[in-house]
Amino acid sequence: MGKDIHSYVTFLLLICILLFSFETIEASKRILSFELIYRHSPRSPVYNPNLTDSQCFEESLRLSENRFLQPNNVESMLVGHEITTIRPSIICYQTLYMVFVTIGTGNGTIGYHLNLDTGSHLSWTQCEPCINCYVQNEPYFNPLQSPSFVDISCSDQNPCPQSYYHCINSHCHYQIVYIDGSHTSGTLSKDTFGFHSSHGDHLEFIEGLVFGCSHDTHLIGDNHGYPSGLMALGLTEESFARQLINHGSQGRFSYCLPPIGSNSISFLRFGSNIVQRGSVQTTPIVPIQGVFLYFITLNDISVGNKRLGFEPGMFTRKPNGSGGFYVDSGAFITHLITPAFERVKKELRDYFRHKKLVEVDPQRYMTDLKLCWLFQPSYESLMPSMTLHLQGAQMHIMWRQLFLIRREKGIFCIAMLPQDSSSVLGAYQQANTRFTFDLLQSQLAFNPENCEHDSQP
C-alpha cells in the first residue's frame with residue numbers, strides 16, 4: 001500500500017513537471033508583435049488626409065512638447081483614501097504611436113487602440129461603471145461581461161504589489177495625474193489580452209495580465225475619441241514589458257521606426273521575434289529610483305567630424321531629478337538640455353556660415369524649430385551627420401534624421417529643441433535604427449536598419 005501511494009505521488013509529480021515544462025516551452029516559442037500605428041498614418045483611427053507632411057510634423061511637434069515640462073519623477077502625495085498619486089510628466093493621450101489589442105474573453109472581448117508609452121508604469125483602459133469618463137469611440141470595457149476578469153484583492157497580510165497602490169475595501173487602487181492636469185483612477189485588475197501573432201492574422205491570447213481598470217478619467221483637450229487608454233512599457237513590474245517576460249518575451253522588446261512621413265508598417269517585437277542585423281552596439285540602461293524611463297549615459301556629441309568636448313556631467317542625472325539622457329519613442333524630436341543645445345547651435349551656425357548658406361528666422365516660416373537656413377537640393381551633399389558618444393557605444397544620426405527639409409517653403413531646420421530639465425532622444429532621430437531594450441540585462445542594443453522593410457510581423 002505504501003509503495004502504491006509513493007508511486008502515485010511520484011507519477012503526479014512527473015505529470016506536473018511535464019506540464020510545467022510544456023508550458024515553459026510553449027511560452028518560449030510564443031512570438032509576439034504589435035503593429036505600431038503612427039497617429040498620422042492612413043492606418044490610424046485619427047488620420048487626417050488633408051494634412052500635409054509639414055503640417056503633420058508641426059502637429060506632432062506640438063503634441064510631444066508637453067512631455068518635457070518637468071522631470072519624470074514619482075511624487076508621493078496623499079489624497080482621499082491615502083492613495084499615492086503617480087505623477088509622470090507626460091500627456092496621457094499625446095503620444096505618437098498606438099497599438100491595437102483585445103481585452104477580455106467571451107462576450108466581453110473588445111478591441112482597443114491604446115497609446116504606446118515607454119515612459120509609463122501601468123497600462124489602463126476605461127471601465128464600466130464609469131463615474132466620470134471621457135468620450136471614446138470604442139466601448140468602455142465591462143468587467144461583468146468578461147468571465148476571465150479578476151480584481152486584484154488585498155489585505156493587511158496580502159498588500160498591493162507596489163507602495164504607490166493602496167488597499168481600499170480589499171481592492172488595490174491607483175491614481176495617476178498627468179502633467180497637464182489630466183488624471184485617471186481605478187482598480188488594479190487582471191484579464192486576458194489578445195495580441196497580433198506573427199504566425200498569421202490570428203490573435204495570440206495571454207491570460208492574467210495586470211492592467212488598470214479606470215472608472216474616473218478626465219483628459220485636458222480633445223482626443224478625437226482615441227485612444228481608449230494606454231499601454232505602458234516603462235521600468236516597473238506592472239508594465240507590459242516586465243509582465244511579458246513570463247510569456248516568451250525573454251525580457252526584450254524592440255522597434256524600428258520608419259522615417260516620419262513614410263506609410264510603411266513597422267512592429268513592436270518581443271523575444272525571439274527580434275532580429276538584429278549588421279553592426280549591433282550596446283550601452284547600459286541606467287535605472288533610477290521612482291523613474292520609469294530608459295536612461296542611458298551620454299558623454300559627448302560630435303557634429304560632422306568635430307567633437308564638441310562637453311564637460312563631464314553635462315548630461316548627468318542630478319540629485320534634484322533634473323538632467324540625464326533617455327530614449328523615448330513618444331517624444332517626436334530630440335531635446336538637449338539648453339546649454340548643450342546652444343553649443344550644438346553655435347557649431348552648426350559656424351559650419352553652414354563657412355559653406356555660405358543663408359540663415360533665416362524660423363518664426364517667419366511658421367515653425368516651432370529654432371534654427372533654419374534657405375534650402376536648395378544641391379545643399380544635401382553639405383549636410384553633416386551627428387554622433388552621440390554613449391557609454392561603450394557610438395550612435396550615428398545621419399543627416400536625413402538630423403534636419404527637417406521644408407521644400408514647399410524652401411528652408412531646412414535642425415530637428416532638435418532645447419529644454420531645461422533633461423535630454424531625450426526622440427522618434428525623428430531614432431528612424432532607421434533598430435532599438436532593442438533588454439530588461440534582464442539592463443542594456444539597450446541598437447543597429448542601423450532600413451525600417452521601411454520592417455513590414456512582416
Side-chain angles (χ1 to χ4, degrees), residues 22-39 41-47 95 97-118 122-128 136-150 189-214 225-233 238-256 264-275 454-457:
F22 176 76
E23 290 177 358
T24 303
I25 291 170
E26 287 300 303
S28 65
K29 288 165 59 179
R30 180 181 283 137
I31 299 176
L32 296 174
S33 60
F34 303 81
E35 180 184 338
L36 287 174
I37 304 171
Y38 177 53
R39 66 179 294 114
S41 74
R43 301 173 74 86
S44 167
V46 296
Y47 174 63
T95 59
Y97 293 92
M98 288 182 272
V99 294
F100 181 80
V101 301
T102 66
I103 306 176
T105 55
N107 293 331
T109 305
I110 299 179
Y112 294 106
H113 288 85
L114 304 180
N115 269 358
L116 181 72
D117 195 357
T118 55
L122 178 67
S123 304
W124 60 265
T125 192
Q126 297 190 110
C127 295
E128 298 280 6
Q136 64 183 46
N137 291 337
E138 294 157 338
Y140 299 137
F141 181 70
N142 188 342
L144 297 179
Q145 296 295 316
S146 176
S148 52
F149 177 85
V150 176
S189 310
K190 290 183 180 181
D191 210 334
T192 298
F193 277 68
F195 306 97
H196 190 282
S197 169
S198 61
H199 296 298
D201 292 331
H202 69 278
L203 293 175
E204 187 85 39
F205 294 97
I206 299 180
E207 300 175 356
L209 291 182
V210 176
F211 72 106
C213 212
S214 288
Y226 292 95
S228 299
L230 184 144
M231 175 180 284
L233 289 175
E238 289 75 47
S239 81
F240 275 20
R242 288 280 185 189
Q243 290 190 69
L244 292 178
I245 290 176
N246 297 324
H247 300 280
S249 78
Q250 304 163 10
R252 300 188 305 147
F253 69 91
S254 177
Y255 57 75
C256 190
S264 298
I265 299 171
S266 62
F267 290 86
L268 175 68
R269 301 174 182 273
F270 293 85
S272 58
N273 197 26
I274 301 169
V275 178
D454 188 35
S455 58
Q456 297 298 318

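Everything quoted here is computed from the prediction, not taken from an experiment. As a basis for the values below, the full set of heavy atoms in this structure was taken, side chains included, without hydrogen atoms, waters or symmetry mates.
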Worksheet item: Hey, mind stepping through V99 and L36 against side-chain contact (heavy atoms from CB on, under 4.5 Å) and telling me if it holds?
Response: CA-CA 6 Å; V99 294; L36 287 174; 4.3 Å; yes
Worksheet item: side-chain contact (heavy atoms from CB on, under 4.5 Å) between L209 and L244: does it pass, once the steps are laid out?
Response: CA-CA 8 Å; L209 291 182; L244 292 178; 4.3 Å; yes
Item to complete: May I have the step-by-step check of side-chain contact (heavy atoms from CB on, under 4.5 Å) for E128 and Q145, ending in yes or no?
Response: CA-CA 10 Å; E128 298 280 6; Q145 296 295 316; over 6 Å; no
Worksheet entry | side-chain contact (heavy atoms from CB on, under 4.5 Å) evaluation trace for Y140 with I110 | CA-CA 9 Å; Y140 299 137; I110 299 179; over 6 Å; no
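Checking side-chain atoms of S148 against main-chain N and O of D191 turns up no donor-acceptor pair under 3.5 Å. No donor-acceptor pair under 3.5 Å is formed between the side chain of R39 and the backbone N or O of Y97. Listed for the Q136 side chain is a donor-acceptor partner under 3.5 Å among the backbone atoms of E138. Not one N or O on the side chain of S228 forms a donor-acceptor pair closer than 3.5 Å with the backbone of T125. With hydrogens and angles ignored, the 3.5 Å screen pairs no side-chain donor or acceptor of S146 with any backbone N or O of G104. For the pair Q243 (side chain) and E238 (backbone), a donor-acceptor distance under 3.5 Å is present.
Applying the side-chain contact (heavy atoms from CB on, under 4.5 Å) rule to N137 yields the partners Y226; only residues at least two apart in sequence or on another chain are considered. Listed by chain and residue number, F211, F240 satisfy the ring-ring contact (aromatic ring centres under 6.0 Å, His included) test with F193 (two or more places apart in sequence, or in another chain). The ring-ring contact (aromatic ring centres under 6.0 Å, His included) check on F100 picks up H113, with sequence neighbours excluded.
Here the closest non-hydrogen pair linking N115 and M98 is OD1-CG, 3.1 Å. Scanning all heavy atoms of the two residues, the minimum distance from W124 to S214 falls at CE3-OG, 3.7 Å. Nearest heavy atoms, G108 versus F141: O-CE1, 3.6 Å. Residues N273 and L32 come closest through the heavy atom pair ND2-O, 3.5 Å. Scanning all heavy atoms of the two residues, the minimum distance from S41 to I37 falls at OG-CG2, 4.3 Å. The two residues P147 and T105 come nearest to each other via the heavy atoms CD-O, 3.4 Å.
Paired with F34 under the rule ring-ring contact (aromatic ring centres under 6.0 Å, His included), one option of F195, Y255, F267 passes, and it is F195.
With rounding to the nearest 0.5 Å, the separation of CD1 in I274 from CD in Q250 is 7.5 Å. One finds the OG atom of S239 at 10.5 Å from the CE atom of M231 (value rounded to the nearest 0.5 Å). Between I103 atom CD1 and C127 atom SG the span is 7.5 Å, to the nearest 0.5 Å. For the atom pair S33 OG and L268 CG, the distance stands at 8.5 Å (nearest 0.5 Å). If you take CG on L116 and CZ on F253, they are separated by 8.0 Å, rounding to the nearest 0.5 Å.
Contact check for C213 versus P143: side-chain heavy atoms found under the 4.5 Å cut-off. The shortest side-chain heavy-atom distance between N142 and F149 does not fall under the 4.5 Å cut-off.
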